[in-house]
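Below you'll find the structure, written out as structure tokens, and then a few comments.
Chain letters run A, B, ... following the sequence lines, proteins first and then strands; every chain starts at 1.
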Amino acid sequence: MASLKDLRNRIASVKATQKITKAMQMVAAAKLRRAQEAAEAARPYSERMGAVLANITAALGEGGDGPALMRGTGKDDTHLLVVCTADRGLCGGFNSQIARLAREHARKLIAEGKTVKIITVGKKGYDILRRDYSRQIIDRVELKEVKQISFVHADEVARKVIKLFEDGEFDVCTLFYSRFKSVISQVPTAQQLVPTVPPEGDAAAEPAGNAVYEYEPEAGEILDDLIPRNIAVQIFRALLENVAGEMGAKMTAMDNATRNAGEMIDKLSITYNRQRQAQITKELIEIISGAEAL
Amino acid sequence: MAEAFKFELVSPERLLVSEEAEAVVIPGAEGEMTVMADHAPVMTTVRPGVVTVKPTGGGQDERYVVFGGFADILPESCTLLAESAVLATNIDREDLARRIQDAREDVEDAKDDASRTKAELYLSQLTTLQGAILPA
């Protein structure tokens, strides 16, 4: 049985922990709001981009030959996985969820006899995947010192991907990130970047019926310019959603931790009080029985 | 007074401008073009340069510096998707100088003629831009 002093120390330390988790929760909440705003501010661009892309693809027609990045290599042998995670832990299952999805994907591809290459964005993804796939990881990007993700960072990753493609290092590229559904729910998602998957449903059908465009320069040349940019935009969006998701997950995790610490303090306090009372009673009995013996 | 149309300037980070304008001068890949209401539908890439917006009501022209992108022009609207865009008065000269430096290196690193031509073109566009905004 722990002594009274031990219990006191324990309570003090749990209280200190609770203060930290509470502070972290509040910081995450503030950052979440900012991250959500950033994600929303970036939305018009990617939406327009999608519309324009659909427009041009429609104009080129089904049989049109877009740039290689859009068509892919026509092979399916080497897969590049771009895994975006957070740079910090303490956010529940956020990072491991993304990593698990990527790992399952990689395992399946390897089982099919395909070559897998991995680029990790964010420190945690690298830490997790390094254990199983250290040979497959060809590059990693860390954004730890970055306060606010800007397009430049996404562009940097996109350039790497495009360079690898031009060097013929991969055939299919898939992006892994966590889609921000709500504060308490983030869905790990795999999205194919290369070859480009045509936007589905309404987005593709709607602008196609629009006016006939003139292109300056040729539609094909615009597309050459557009596709690499589209990759950067997709990565940028993924990074922004990731930040929002990370903050959401962190907020929930820290809320739980604060609550757990509170429960622990309650339990420890009861034990402490009970033990103190037991000691007092014991001393009283000793005095009384001593007096009776006289 | 000319008719107004809707002009939007969007960068990946945010929506910069969304307003009614009388005329917008866009530095298109194949030359500057002024867009007014009822313009024929055109899709063009944009080179680094200055976008001038003439707002309705005869206010002061607004000038933005854009670094590449493309414009989607329709009779009733014009959307400019810029890779990066700032107000001409807020331009960071050091940033521009750095971009020019990068472009110079790209020219030197270029492996084949096609990419060298591309890099040189970009470099010349940047230096023109620098010349255009320096006295401002």
Most contacts with chain A, counted as non-hydrogen pairs under 4.5 angstrom, among B:A71, B:A82, B:G31, B:S84
B:A82
Options B:E30, B:E8, B:M33, ranked by heavy-atom pairs under 4.5 Å with chain A, top entry
B:E30
Just checking B:K6: does its NZ atom have more than 12 heavy atoms from other residues, nucleotides or ligands closer to it than 6.0 angstrom?
yes
When rounded to the nearest 0.5 Å, the distance separating CZ of A:R48 from CZ of B:F70 is 11.0 Å
Examine whether an atom of A:L226 lies under 4.5 Å from a heavy atom of chain B, and if so say whether it belongs to the side chain, the backbone or both; otherwise answer neither.
side chain
Whether A:E214 side chain and B:P41 backbone form a donor-acceptor pair below 3.5 Å
no
Separation of B:M43 CE from A:Y215 OH (nearest 0.5 Å):
5.0 Å
Which portion of A:F236 sits near chain B, non-hydrogen atoms under 4.5 angstrom
side chain
Should B:L81 and A:Y45 count as side-chain neighbours, where that means a heavy-atom distance under 4.5 Å?
yes
Just wondering, are more than 12 heavy atoms of other shown residues or ligands nearer than 6.0 Å to NZ in A:K160?
yes
Tell me, for B:T79 versus chain A, whether the close heavy atoms (under 4.5 Å) come from the side chain, the backbone, both or neither.
side chain
Taking all non-hydrogen atoms of both residues into account, name the closest pair between B:E13 and A:A41 and its distance.
O-CB, 3.2 Å
